[in-house]
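In what follows, a single structure is set out as C-alpha cells and then discussed.
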2 protein chains.
Amino acid sequence: MGIAERREAGKKRMQSLILGAAMKLFLEKGFDNVSIRRIAEKIEYSPATIYLYYKDKSDILFALQAMGFEKFYTEQQAILSEKDMWKRLRKHAKVYLSFALKNPEYYDLMFIMRGPVKKMKEKKEWEIGRRSYEFLKKNVKEYMDTGYLKKTNLDVAAFAFWSLTHGIASLVIRDRCIMFPDNHLNAIIEGSLDFVMESIAKKKQ
Amino acid sequence: MGIAERREAGKKRMQSLILGAAMKLFLEKGFDNVSIRRIAEKIEYSPATIYLYYKDKSDILFALQAMGFEKFYTEQQAILSEKDMWKRLRKHAKVYLSFALKNPEYYDLMFIMRGPVKKMKEKKEWEIGRRSYEFLKKNVKEYMDTGYLKKTNLDVAAFAFWSLTHGIASLVIRDRCIMFPDNHLNAIIEGSLDFVMESIAKKKQ
DNA sequence: TTTATTTAATGAACATAGTTTAGTATATAG
DNA sequence: CTATATACTAAACTATGTTCATTAAATAAA
C-alpha cells in the first residue's frame with residue numbers, strides 16, 4: 001500500500017474512531033451532555049485534533065445521521081421477505097416504529113434534530129435520505145398496485161404513511177405521551193397503527 | 001392597591017416583560033441564537049436579574065410553551081362552529097396544521113423541543129397540556145358517536161389523529177421534506193390529509 | 001547522514017453560554 | 001434616623017464550539 005493510501009486509510013481510521021466515540025457517548029449520556037471536548041477526551045486526543053477530521057460539530061452529527069440511515073435501510077429490507085402485500089404494509093409500519101423506538105438517538109438525528117440539517121441542504125442531492133424515501137415509495141406503490149391501498153398520487157400516499165409512523169415515533173421520543181400511563185402506551189401505539197392501517201388499506205377479501 | 005399586591009403586580013409585569021422579549025427574539029433570530037444574556041440586553045437588565053423571575057432557561061421555555069398552548073386552544077375553538085361532524089373532523093385537522101405551520105416556534109416548544117420537558121414532568125398534573133388533549137378527545141368522541149369515525153378505544157383514535165397531524169407538522173418544521181419541491185409540498189400535505197381522513201372516516205351518505 | 005519540508009497534533013486563547021454569589025443601592029418599617 | 005427587606009448587578013465560575021500559532025514527528029531531498 002502506497003504512502004498516499006496509508007495516509008488516506010489513517011484519516012478514515014481516525015474519522016471512525018471519532019464517530020464511534022461520539023455515538024457511544026451520545027448513547028451513554030444523551031446529546032445534551034456530549035461536547036467536542038468530551039469526545040476528544042474519550043479518544044485521548046486534544047479537542048483541536050477533531051477539527052482536522054471534521055469541519056465542525058454539525059459535520060459529526062451529519063456523519064452519525066448517515067450511519068443511522070444505513071442501519072435503518074438495512075433493517076428495513078426485512079419487510080421484503082413478506083410477499084403478502086397486506087401483511088407487508090403492516091410489517092412495514094412495525095419495522096419503522098421498532099427501529100425508531102429501539103434506536104431513539106439515531107432516529108432523532110435522522111428525523112428530528114436540527115443539527116445535521118445544514119449539511120443535508122448543502123448537498124445538491126442528499127443520496128442517503130433519498131434512498132430511504134425511494135424504498136418507501138417503491139413499497140407503497142406495490143401496496144397500491146396490489147389493491148391494498150387506495151389509489152392516489154404516490155408521493156401523497158408515501159407521505160401519509162411516513163407522517164403517521166413518524167408522528168407516533170417522534171411524540172414518544174420527545175416525551176409528549178406523558179398523559180398515558182406507561183403500561184398503556186404500547187397498546188395505544190399498536191392500536192393506533194391498527195386503526196389507521198385497517199382504515200387506510202382497502203383490505204381485499 | 002396594597003403594597004404586597006403592588007409587588008406581586010410588579011413581579012408579573014417583569015415576568016411578562018421577559019417572556020415578551022424572549023419570544024420576540026426567538027421569532028427574529030431562532031431558538032439557537034437567543035441566550036439569557038441577549039434577552040437581558042433586550043430588556044436592559046442584567047442577566048442575573050432574569051434569574052430573580054425565572055429559575056432557569058428551561059423555566060422560560062416552559063412559560064412560552066404555556067403561551068403557545070393558550071393560543072392553540074383558543075384558535076381551535078373555531079372548529080366548534082362547524083356542526084357537521086364530518087366537516088368538523090376535516091376542519092380539525094386543517095386548524096391543527098395551520099396553527100403548526102403559521103406558528104412553528106410555538107409548535108416546536110409545545111411538541112418537539114426538549115427544553116420544556118423537565119418542567120412538564122415536574123408538575124404532577126400538567127393541566128394546560130391535558131386540557132388540549134381532552135379537547136381533542138372530546139371531539140374525536142363526537143366524530144365516533146356520529147358515525148364518521150370507526151369505533152375504537154378513544155385514546156387510540158385520538159392518538160392516531162394526533163400522530164398523523166403531528167407527523168406532518170414536525171416533518172415540515174424540522175426540514176425533513178427537502179425532497180419535495182417547494183411548490184409541491186402544500187399539495188402533498190393537503191393530499192395526505194385527504195387521503196387518510198377519507199379512508200379513516202366512514203363517510204356516511 | 002544531514003537538512004528541508006510536509007504532516008499530525010496540541011496548548012492556549014477567543015467568544016459565547018448558563019448560572020451563582022457577594023455586594024450595592026434603594027425603598028420600606030420600626 | 002436606624003435597621004431591614006427588596007431590586008438589582010458586577011464579576012466570577014464552569015463549560016461550550018472553534019481558531020491559530022507552535023511544536024513534534026515523519027518523510028523527502030541533499
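Sequence lines set the chain letters: A, B, ... in the order given, protein chains first and strands last, and positions in each chain run from 1.
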**OP:** Please report, rounded to the nearest Å, how far the P atom of dA7(D) is from the CG atom of L17(B).
**Re:** 15 Å
**OP:** Rounded off to whole Å, could you give me the NZ-to-C1' distance for the K11(A) and dT6(C) pair?
**Re:** 14 Å
Original post:
Quantified as the angle between the terminal helix axes (five pairs each), what is the overall bend of the helix from dT1(C)-dA30(D) to dG30(C)-dC1(D) to 10 degrees?
Top reply: 30°
**OP:** Take atom CZ of R38(B) and atom P of dA17(C), then tell me their distance rounded to the nearest Å.
**Re:** 6 Å
Original post:
Between atom CG in D32(B) and atom P in dT18(D), what is the gap in whole Å?
Top reply: 12 Å
Original post:
Is a salt bridge present between E75(A) and K71(A), judged by a nitrogen-to-oxygen distance below 4.0 Å?
Top reply: yes
**OP:** Output every pair passing salt bridge (charged side-chain N to carboxylate O under 4.0 Å, His left out) with a member in residues 86-113 of chain B, not counting sequence neighbours, ordered by first then second residue.
**Re:** R114(A)-D108(B), R88(B)-E142(B), R90(B)-D194(B), K94(B)-E190(B), D108(B)-R174(B)
Taking only N/O atoms, report every protein-nucleotides 22-24 of chain D pair under 3.5 Å with atom names and distance.
none

**OP:** May I ask you to list the residues of residues 43-53 of chain B, by number, that have any heavy atom positioned under 4.0 Å from an atom of DNA chain C?
**Re:** A48(B), Y51(B)
Original post:
Is K138(A) salt-bridged to E134(A), going by a charged N under 4.0 Å from an acidic O?
Top reply: no
Subject >> Which residues share a ring-ring contact (aromatic ring centres under 6.0 Å, His included) with Y73(A), sequence neighbours left out >> reply: F135(A)
**OP:** Check the distance between dA13(C)'s C1' and R37(A)'s CZ and give it to me in whole angstrom.
**Re:** 10 Å
Original post:
For K118(A), which residues count as a salt bridge (charged side-chain N to carboxylate O under 4.0 Å, His left out) partner, sequence neighbours excluded?
Top reply: D56(A)
**OP:** Kindly write out the residues that satisfy ring-ring contact (aromatic ring centres under 6.0 Å, His included) with F161(B), not counting sequence neighbours, or none if the list is empty.
**Re:** H92(B)
Original post:
Quick check: are there more than 12 heavy atoms from other residues, nucleotides or ligands sitting under 6.0 Å from CG of N33(A)?
Top reply: yes
Original post:
With sequence neighbours excluded, what pairs up with Y106(A) under the ring-ring contact (aromatic ring centres under 6.0 Å, His included) test?
Top reply: none
**OP:** Enumerate the residues from residues 55-66 of chain A whose closest heavy atom to DNA chain D is under 4.0 Å, giving them by residue number; use none for an empty result.
**Re:** D56(A), K57(A)
**OP:** Go through the structure and list residues passing salt bridge (charged side-chain N to carboxylate O under 4.0 Å, His left out) with K123(A), not counting sequence neighbours.
**Re:** none
**OP:** List for me each residue that meets ring-ring contact (aromatic ring centres under 6.0 Å, His included) alongside F72(A), sequence neighbours excluded, and say none if there are none.
**Re:** Y96(A), F99(A)
Subject >> ring-ring contact (aromatic ring centres under 6.0 Å, His included) pairs, two or more places apart, involving residues 28-61 of chain B >> reply: F26(B)-F31(B)
